[in-house]
A.B. asks: 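Right, I'll just put the structure down here and ask away after.
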Amino acid sequence: MGRGRVQLKRIENKINRQVTFSKRRCGLLKKAHEISVLCDAEVALIVFSTKGKLFDYATDSCMERILERYERYSYAERQILTNDTETNGNWTLEHAKLKARMEILQKNRKNLMGEELDSLSLKELQNLEHQLDTALKHIRSRKNQIMYESISELQRKDKALQDQNNMLAKKVKEKEKVLAQQTEWESQQDNALTSSSVIISQSLQPLNIGVPYNASGVEEGAALGPPQHRNATLLPPWMLGHLQE
């Protein structure tokens, strides 16, 4: 039968404890040397006995270099762990701050809307009333400013439309004046043409100077004389004189 499992605990007997320490120490140093040779690893082993005696082993006897490397590695590991811890702590703290701030803002919003006022004290209600009054003043001021700007804009547009209307009215008057002048000139031309036509028509009518007419429109003495004499009386006097000669 094989050996049973040995329970690890402190050896109470001082002599047995010293003997076991010596045997295990030699075996530990041997194992450290074997792992360094077989695996090409850098091994540093430090052992202190109960009496404070030092036993150590280092690959190629470079204990200081291995310890320095260990210190650098340990420092880097500690920095990484510290940064991770600080980062996680910062994010946790920031999340808590933002959550609390959001709750406060939601509560203030409800209070401004007139909700959940039962938990507020008299002083808090007075502060809330003061905030609302201040907000109303700003709102009215902004509203009046927008109204004044709108009125100014409408006045500017009205003035522009009036100027445009005046300009159009001026152009219409100038056009009417030109049309009136043109109409007057055409009327004068028509009157001149009419006068010329009358003058020409008058100049073409026969001249019956000194020939009396009776009531029936027949020349007096027309039946008494011969036809040649009647025809002669219709001629102008200068032609008659010319014929008598």
Side-chain angles (χ1 to χ4, degrees), residues 1-139 142:
M1 294 180 64
R3 296 173 55 187
R5 186 174 181 180
V6 179
Q7 184 179 2
L8 295 178
K9 64 179 183 178
R10 183 174 180 270
I11 300 174
E12 298 297 335
N13 192 307
K14 184 177 180 181
I15 297 174
N16 293 337
R17 187 169 62 241
Q18 186 65 33
V19 173
T20 302
F21 175 77
S22 298
K23 291 180 180 180
R24 295 295 180 95
R25 173 177 54 82
C26 294
L28 184 60
L29 294 175
K30 182 180 179 181
K31 292 294 184 182
H33 175 70
E34 289 176 355
I35 193 174
S36 65
V37 174
L38 294 175
C39 301
D40 194 16
E42 292 185 355
V43 179
L45 177 61
I46 300 174
V47 180
F48 288 95
S49 65
T50 55
K51 296 180 178 181
K53 189 176 181 181
L54 173 62
F55 301 92
D56 61 347
Y57 170 83
T59 304
D60 297 332
S61 301
C62 296
M63 180 64 73
E64 291 80 2
R65 185 172 59 83
I66 296 174
L67 291 177
E68 183 180 355
R69 184 178 178 183
Y70 171 77
E71 288 292 332
R72 290 198 304 267
Y73 180 80
S74 299
Y75 178 77
E77 286 292 325
R78 286 195 301 269
Q79 287 295 113
I80 293 173
L81 293 175
T82 303
N83 292 334
D84 292 340
T85 304
E86 290 179 355
T87 303
N88 294 331
N90 291 335
W91 281 114
T92 304
L93 182 61
E94 189 68 21
H95 177 265
K97 289 181 179 179
L98 291 175
K99 185 177 180 180
R101 185 177 181 183
M102 183 179 295
E103 292 176 354
I104 292 173
L105 291 175
Q106 290 178 352
K107 183 179 178 181
N108 291 336
R109 178 179 176 277
K110 291 181 180 180
N111 292 335
L112 291 173
M113 296 295 295
E115 301 175 358
E116 297 183 3
L117 301 177
D118 297 336
S119 60
L120 298 180
S121 62
L122 178 61
K123 186 175 182 180
E124 290 175 344
L125 290 173
Q126 291 176 351
N127 292 332
L128 181 61
E129 184 180 7
H130 179 69
Q131 291 178 2
L132 291 174
D133 291 338
T134 304
L136 286 175
K137 289 180 181 178
H138 290 299
I139 292 171
R142 179 58 181 167

A.B. asks: Taking atom CZ of R109 as the centre, does the number of heavy atoms from other residues, nucleotides or ligands within less than 6.0 Å exceed 12?
C.D. replies: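 No, because the 6.0 Å sphere around CZ of R109 holds 12 heavy atoms or fewer from other groups.
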A.B. asks: Using a strict 4.0 Å threshold on nitrogen-to-oxygen distance, state whether E103 and K107 make a salt bridge.
C.D. replies: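 Salt bridge flag = no for K107 with E103.
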A.B. asks: Any chance CD1 of I15 has more than 12 other-residue heavy atoms, nucleotides or ligands included, within less than 6.0 Å?
C.D. replies: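 Count not over threshold, so no.
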A.B. asks: Is the number of heavy atoms from other residues, nucleotides or ligands under 6.0 Å of R25 CZ greater than 12?
C.D. replies: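 Enclosed: over 12 neighbouring heavy atoms sit under 6.0 Å from CZ of R25.
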A.B. asks: For the CD1 atom of I35 and the NZ atom of K30, what is their distance to the nearest 0.5 Å?
C.D. replies: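 The NZ atom of K30 is 14.5 Å from CD1 of I35, to the nearest 0.5 Å.
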A.B. asks: For the CG atom of L117 and the CG atom of L112, what is their distance to the nearest 0.5 Å?
C.D. replies: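 That separation rounds to 9.5 Å.
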A.B. asks: Is the number of heavy atoms from other residues, nucleotides or ligands within 6.0 Å of CG (D133) greater than 12?
C.D. replies: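 Enclosed.
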A.B. asks: Here's a test for you: under side-chain contact (heavy atoms from CB on, under 4.5 Å), which of V47, I46, L45, L28 qualifies with F55?
C.D. replies: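 So, applying the side-chain contact (heavy atoms from CB on, under 4.5 Å) to F55 and each of V47, I46, L45, L28, only V47 qualifies.
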A.B. asks: Determine yes or no for a side-chain-to-main-chain donor-acceptor pair under 3.5 angstrom, with S36 supplying the side chain and H33 the backbone.
C.D. replies: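 Between the backbone of H33 and the side chain of S36 there is a qualifying donor-acceptor contact (under 3.5 Å).
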A.B. asks: Using the side-chain contact (heavy atoms from CB on, under 4.5 Å) rule, take Q131 and L128 through it: C-alpha gap first, then chi angles, then the decisive distance, then the call.
C.D. replies: CA-CA 5 Å; Q131 291 178 2; L128 181 61; 4.1 Å; yes
A.B. asks: Nearest 0.5 Å please: distance from the CD atom of E12 over to the CZ atom of R10.
C.D. replies: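 Going from the CD atom of E12 to the CZ atom of R10 covers 5.0 Å.
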A.B. asks: Grab the two heavy atoms, one from T59 and one from A41, that are nearest each other, plus how far apart they are.
C.D. replies: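 That closest heavy-atom pairing would be OG1-O, 3.5 Å.
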A.B. asks: Any chance you could measure L105, atom CG, to L98, atom CG, to the nearest 0.5 Å?
C.D. replies: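 Reported value, rounded in 0.5 Å steps: 10.5 Å.
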A.B. asks: Is R69 salt-bridged to E71, cutoff N-O under 4.0 Å?
C.D. replies: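 Salt bridge: no.
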A.B. asks: Using every non-hydrogen atom in the two residues, find where I11 and R17 come nearest and quote the distance to one decimal.
C.D. replies: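 Heavy atoms only, the tightest pair is O-NH1, 2.7 Å.
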A.B. asks: Quick one: CD on Q106 to CE on M102, what's the gap to the nearest 0.5 Å?
C.D. replies: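 Between Q106 CD and M102 CE, I get 6.5 Å after rounding to 0.5 Å.
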